[in-house]
Amino acid sequence: MSSIAFNLPRSVTLAADLALTGVAATHGYVLATTPGPPGYFIAYCVAMIIGCLAAAAITWIDIDDIVPGWGWWAGSVICVAFVIGYLISRLISLPGLPTLTGRWDIAPGSLALACAGAFIALHLTVLTGVNVAFGQRRAWYY
Amino acid sequence: MTLDYPAWLRVDHWLNVLFLTLLLRSGIEILSTHPKLYRHEDSAPGTQWAKFTGKVMPKDKLYDTLDEEEDYHPIIALPGHAQLGIGRHWHFAAVIGWILVGSSYYILLFATGQWHRYWPYSWSIFPDAWNDIVTYLSFNLPPLLPGEPLDAIQKLTYAGVIFGLAPFQILTGAAQSPAIEARFPRYVRLFGGRQSARSLHFLGLAAFLVFIAIHLSMVVFWGWGRLTALMIFGSIRNTHWATALSLLIIMAVVTVHVAATVWSQRSPASVRRVLGAVISVPRKGLLRRLDSRQDYPRRALSAEHRVNGKPPTAENYKVMAVHNFVDWRLRVGGLVEQPVILDLAGLRALAEPQTQRVLHNCVQGWTSIGEWTGLPLGTLVDLVRPLPQARYICFMSMQDNSTDEPSAHGGGQFYEVLDLKLAHKPQMLLAYAMNGEPLPIKHGAPLRLRAETQVGFKMAKWINQIEFVDDYAQIGKGRGGWREDNVYYGMDGEI
């Protein structure tokens, strides 16, 4: 076990889910404010929103310590996918979204990136034993 | 009103840097001695919500909280290497300096009208602050508020730190003083209890670290030379000189830290003497006069009262313990008119037993609640009648740290000295029972001291001798107790 460790499963899960909700919310905001977005971008945003919210919800399903873990892994996969998509959209000119290319200074993108990074970082702390997530019990005796 | 950077504000800023960093490092030293944080007053093993130690304690043998102590590196802790006594001296001395600087800042802030720089005049500051965050997220700098030196989010943040976080740290720190807890138990409950106050104090430390990281980032983003010129010259000029001078000031602060660490490591006794003289002023002036008024309900008693210090291992103690201490004798003498030797029955017969349910504050930071029954110390003092020159009471323990406590920082017989003026204070007790049972061996059987306005180390356990003295300079190393001699704790235990 890590030398630094916390036993705050609900707080950690809530913080992680807030980060996921942040990713979902920024995608919703971008979708709502982008004039004439291409179809694939709409599908991507809707998938991200549903995926983030579903993953967040699964982290609270109190069946055992396995099912909530699926939510965490789903969240990490979504966040990593977003980070990859973010980088691609800035490096390569995507059809229908030429204004994103080279634009590293768009605030919703930075916010979503920060949220995704926060979620992945929190998941790493759970995997390394610094934190425990909802559904897990800290087994330390002393 | 011009919201500028007057000289007093600049001086206070840099003094704040010094005292705050001393507080942070010495606070980490204090944490290291019991690097676990709890929600509940019993500090029960396994119930911590956070731990900062890799130690795993055994389940199959007696251990005490000294065994749980950690050894942090001096880079993060002042002075580092498990020196709680010196860490406490630095923390309390630095907090006095911090409070003085903070008080001067508040007074001058309001006297000169500079408080306007932190006062949110309109609800619109909140959407403005959000817009500022969005601007920062787009890697741009937001506009300053009209006629003011800060943008909206900066204004709110500084106001929160200066009028929220800083007083919060003072209040949660005070809530950990045994004297304040004993006199004002309800005040401590405002924070959810003693352990919640300790946890909140730690979270405040973490908040300051986050603030410092963001603050320094902001100075870099806005221009190190420009902002340090404001904080050194009071206006944006000579930015190269400002950069150089700011680095010099930071080097001076680092030098103070290094000097404090080296001094503490090489000569802890002189650190204790010098800083102790500073600390004893508020300690004796403000906290000494507080009386314990604790009366916790029976339901609050800790199922397992934690313990610090291991029982005597001497054969004669074991023999006495086997025979329920019928052979034990308490010798009370020194500068008194009527020295006495008492057995347990004789001690009990001196007065009606007094019972108190109180919070025990270990100097390490953990707490437990216990019910103690015994003889008021004042009754024994009245019986032996101290001579006019008697000023202190020395409690001698049967514990020998050379053989009984491998985790102790030194050897020799344990003793503690108490100011005679404390003897008649409420809830000063020579306890022979705990939670309705004879005093357990690990809690000091057959007799221990309970001094409820003091930290736990002052409450000597396994007592077999009490001496009234006019001075303690010739006892042990002359610092007023075994812990004072060997771990450099302060002689007075009100905080």
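Below, read A as the first sequence line, B as the second, and so on, with proteins coming before strands; counting in each chain starts at 1.
Looking only at side-chain heavy atoms (C-beta outward), A/Ser110 and B/Phe139 come within less than 4.5 Å of each other.
Environment of OH in B/Tyr136: crowded, with over 12 heavy atoms of neighbouring residues, nucleotides or ligands closer than 6.0 Å. Surrounding CH2 of A/Trp104 are more than 12 heavy atoms belonging to other residues, nucleotides or ligands, all under 6.0 Å away. Residue B/Trp130 places its CH2 atom among 12 or fewer non-hydrogen atoms of other residues, nucleotides or ligands, all under 6.0 Å distant. Counting heavy-atom neighbours within 6.0 Å of B/Phe221 CZ, excluding the residue itself, gives a total of 12 or less. Counting non-hydrogen atoms of other residues, nucleotides and ligands closer than 6.0 Å to NE2 of B/His40 gives a total of 12 or fewer.
Atom CG of A/Asn7 is separated from atom NZ of B/Lys36 by 13.0 Å, given to the nearest 0.5 angstrom. Taking CG of B/Leu137 as the start and CG of A/Asp105 as the end, the distance is 11.0 Å to the nearest 0.5 Å. Rounded to the nearest 0.5 angstrom, B/Gln48 CD and A/Arg138 CZ are separated by 9.0 Å. Going from atom OG of A/Ser3 over to atom CD of B/Glu70 covers 7.0 Å, rounded to the nearest 0.5 Å.
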